[in-house]
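Everything quoted here is computed from the prediction, not taken from an experiment. Sequential numbering from 1 along the given sequence is applied to the chain's residues.
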Amino acid sequence: MPCPWALVIATVCGILILQVSADDLQSVKDIKAAMYKEMKYTGGCYKLLNVTGPIGCQAPTEGVASVGILINVTDVQWPLTVDRMLVVNITGFEELMLRLRSDPTSASHVRGVLVDPSDPQPTSLSSAPTFPGAFNAPYSNTSYVWNPSGTSLARTFFNFPVMMMSAALANEVATRTQYNWDNDYTGATYMAEVYLTMVARHNSTYCLKSGGCKPLGAFSVWTAMPPLTPLNSSLNNSQITAGLGAIMAPQTMLATLVTAQVDSNSFFHDYTQGADSPLSGLVTMLAAMELLRVTNASSTYTRQLLFVAMTGEPWDYMGSRRMLWEMDKNSTTTSGLDLSRIDQVIELGQVGRGYSASTNSTTLYLHSQPSGSQWGDAAALISSLKQAAAGTQEANITLQTASASNPGIPPSSLMSFLRTKPSIQGVVITEFDSQFKNPFYQSERDVGQYVDVQPMSAAALALARALHSLASPGGVPSVPLQVNMAALNSFVYSLALCLMVDGDPPASLRCPLVQSYIQVGFSNRNADGVLRPFPWRYIGVSQDQTLDPSNTNFKSDIYRFLFNIMANITATGDMGLLCDPIKNLCQPGMVCIGWKSGTDPATSAATMGRCRVSTTKFVPSLSTRVIYVDTSKKFLLDEDTQFNAKYGWPDDPLWTESDWPGGVPYVRVYMEEPYSVQVAVLVSGLLLMLLTGVLSWAVMWTFEKHIKHD
């Protein structure tokens, strides 16, 4: 029988020699790093809840790690009959999760799923449904497939943890998984333990009342061109803070509202992208606004132009539903958005893939509801957009009417507006005709490398030209649209780099354009070492709110940036007084643009903002059942049955995100010795303890005997 001490030494040395050379072990920390490979605080599939129950993922037992032997999914014999920690490349991820969704026997033996994001990459990936938000469609064919890549995995609940690994951890796990395979999963095996405890239970109503979750929410931003007239022209700071300065005088002009969405979703929220959907549309809208700013003719307009950066739409149109609810309640956040005066809505959808390099041309499609007694006739609006595109010599762009065989408009915020006011003339501009062109809709792979500057610039130019004509007296502009294609392309490229690409400046929200408006807050490097500001392309939980809807306090970077750039584009007149959102407040009809820090003009003039004439506001983007009574205190309201009945809305789903303990999510990979070695180590320890006891007793006995003898 081998010596127990030899087993102990062989066990420890075997682990260390396998992973690192002895020269690398300089401290206890080095030994731990050699024994354990870890990833912390990112990459989890988190648990969300609505009024009917949960979606997402969680560890099956609260506070206890899910532990299992690592095995590559290609080596699994189905159905799975023993507990395992599955490892899968991102190309096979959806196939695996669909199998587990339909195979509860195998799913019961899954201790967790670790996803390797490295190459090869999938040709399609979309955890959204085939018809996102089908309940909101203004037509009956809700089984129509707009998103052919859709799997609905993001709307499924898995009672085991699922983690997207960093590239570094994936490389380590691949080596250890192969080791397990080579040794037929016997003897010493590599294990993974995953902590993904989620606190929330049952449904969103229960967890909000019990304190186990927080409502999803953020802010939409809207602005007016030209600015609107405030009801009160002079107020003190207390009145402005209370939101009285945000009340607008009654409007007389008809209005065209242009909207684009801000956020996306994916199975792994920390890695949500959204370059084509929805950010290409947002960039296009901002670029069209910039062209109108340069033209500087808004004072001549006889039609009001309104622009909305809409947040929260992936969550059952939470943003547009809340905005329309606020309008119905005559809220200060939407004062000036008079639905009775809004007769046209244009939405910029996915446009970033609308360019053909072979023909050096952009082709986009105009979607509208079939005209009839129920829906407003968008023919005149479509004609204006087509004429604008045909008259655009600076870019090769064609706008085509979408196929008549489509059931109606694609998933869009326009659906919410038509639900509330069916007579609106509505158009959605997209890169696709009958189905999404983007195979990565609402996924981790909808990245900037798949979109082009050309279609965004061309679409912005055609849209700006159409809006300029629509808003001008008699549809004939007194000043032609001022176009500098080099400047336009540069502006679009800068915006795309800021919003669609992570990394060091000039990319991400730390790009020069964003930092010219705001002081960017929290940033860190993710598990792969890529610099990222606080993840924002997924909406996250709601933030504190201010009664003044033009105050930038308590807003995260992306919404402060959108507020500032939209306000600056639509502002008129010269720079006003130095301002900040705390002490030096702007008078009604003006907003503070460019504030970064400081409240003392004597010492902080370089970083304070300037008051300018602009109507720009934040609108809460969260459930209609959640309302803030001050900056942080919120109430959960009963369902607004009157609003729902008035416009045919179903009950509010009340989306929330579960809380989780500190240190979650967490993955640790290590080697576990076979049971026989563990017993040998235990016996060795017991023998050592016994030997130590015997030696101690012998020493004490000898010592006492010696004392007695003396």
- May I ask you to decide if the ring planes of Trp146 and Phe131 are parallel, tilted or perpendicular, using 30° and 60° as cut-offs? perpendicular
- Task: Determine, for cysteines Cys611 and Cys586, whether their SG atoms are under 2.5 angstrom apart.
- Result: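 In this structure, Cys611 and Cys586 share a disulfide.
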Side chain of [X], backbone of [Y]: donor and acceptor closer than 3.5 Å?
X: Thr256; Y: Leu305; result: no
X: Ser126; Y: Tyr441; result: yes
X: Gln587; Y: Leu235; result: yes
X: Ser457; Y: Gln454; result: no
X: Lys437; Y: Gln350; result: no
X: Thr398; Y: Thr363; result: no
X: Asn141; Y: Pro407; result: no
X: Asn489; Y: Met485; result: yes
X: Ser423; Y: Lys421; result: no
X: Ser124; Y: Ser149; result: no

Could you state the interatomic distance from [atom1] ([X]) to [atom2] ([Y]), rounded to the nearest 0.5 Å?
X: Phe554; Y: Arg560; atom1: CZ; atom2: CZ; answer: 12.0 Å
X: Ile424; Y: Gln369; atom1: CD1; atom2: CD; answer: 12.5 Å
X: Asp316; Y: Asp651; atom1: CG; atom2: CG; answer: 12.0 Å
X: Gln400; Y: Ile382; atom1: CD; atom2: CD1; answer: 12.5 Å
X: Leu622; Y: Trp315; atom1: CG; atom2: CH2; answer: 14.5 Å
X: Asp338; Y: Thr252; atom1: CG; atom2: OG1; answer: 10.5 Å

I need the minimum non-hydrogen distance between [X] and [Y], along with the two atoms involved.
X: Ser220; Y: Thr311; result: OG-N, 3.0 Å
X: Ser412; Y: Glu347; result: CB-OE1, 3.2 Å
X: Arg612; Y: Gly573; result: NH2-O, 2.8 Å
X: Asn232; Y: Pro588; result: O-CB, 2.9 Å
X: Leu366; Y: Lys386; result: CD1-CG, 4.0 Å
X: Pro620; Y: Arg322; result: O-CG, 3.0 Å

- Message: Suppose the criterion is salt bridge (Lys or Arg N to Asp or Glu O under 4.0 Å): which pairs have a residue in residues 291-309, not counting sequence neighbours?
- Response: Glu290-Arg293, Arg303-Asp343
[Y] and [X] side chains, donor-acceptor separation under 3.5 Å:
X: Ser320; Y: Ser416; result: yes
X: Thr223; Y: Thr570; result: yes
X: Tyr450; Y: Gln273; result: no
X: Ser623; Y: Asp652; result: yes
X: Ser277; Y: Asn438; result: no

Any side-chain heavy-atom pair from [X] and [Y] closer than 4.5 angstrom?
X: Tyr144; Y: Asn406; result: yes
X: Trp222; Y: Thr259; result: no
X: Ser556; Y: Trp536; result: no
X: Val262; Y: Phe219; result: no
X: Asn644; Y: Arg321; result: yes
X: Leu461; Y: Ile397; result: no
X: Ile247; Y: Thr332; result: yes
X: Gln304; Y: Arg341; result: no

- Between Leu654 and Leu636, does a side-chain contact (heavy atoms from CB on, under 4.5 Å) hold up when you go through it step by step? CA-CA 10 Å; Leu654 187 59; Leu636 179 61; 3.9 Å; yes
- Task: Determine, for Lys646 against Asp640, whether the closest basic-nitrogen to carboxylate-oxygen distance falls under 4.0 angstrom.
- Result: no
- Message: Closer than 4.0 angstrom, basic N to acidic O: yes or no for Arg465 and Glu394?
- Response: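 Here Arg465 pairs with Glu394 in a salt bridge, since their nearest N and O are under 4.0 Å apart.
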- Looking at residues at least two apart in the chain, or sitting in another chain, which of them share a side-chain contact (heavy atoms from CB on, under 4.5 Å) with Ala496?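 Partners of Ala496 by the side-chain contact (heavy atoms from CB on, under 4.5 Å) criterion, ordered by chain and then number, come out as Met456, Met500.
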- Query: Could you walk me through whether Thr546 and Tyr628 pass the side-chain contact (heavy atoms from CB on, under 4.5 Å) check?
  - Reply: CA-CA 9 Å; Thr546 57; Tyr628 283 77; over 6 Å; no
- Item | Trace of the side-chain hydrogen bond (donor to acceptor under 3.5 Å, both in side chains) decision for Ser204 with Asn50 | CA-CA 5 Å; Ser204 56; Asn50 61 21; 5.7 Å; no
- Message: Could you go through Ile593 and Asn564, starting from their C-alpha distance and side-chain angles, then the distance that decides it, and tell me whether this counts as side-chain contact (heavy atoms from CB on, under 4.5 Å)?
- Response: CA-CA 6 Å; Ile593 300 174; Asn564 275 269; 3.9 Å; yes
- Task: Just do the side-chain contact (heavy atoms from CB on, under 4.5 Å) check on Asn147 and Gln442 with the steps written out, would you?
- Result: CA-CA 10 Å; Asn147 178 25; Gln442 290 190 9; over 6 Å; no
- For residues Phe643 and Tyr647, establish whether the separation of their ring centroids is below 6.0 Å. yes
- Can the ring centres of Phe618 and Tyr559 be said to be less than 6.0 Å apart?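 They do not qualify: ring centres at least 6.0 Å apart.
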- Contacts of Phe432 meeting ring pair (Phe, Tyr, Trp, His ring centres under 6.0 Å) (sequence neighbours excluded), chain-then-number -> His367, Phe436
- Message: Taking the six-membered ring of Phe563 as reference, does the cationic atom of Lys555 (NZ for Lys, CZ for Arg) lie under 6.0 Å from its centre and within 45° of its axis?
- Response: no
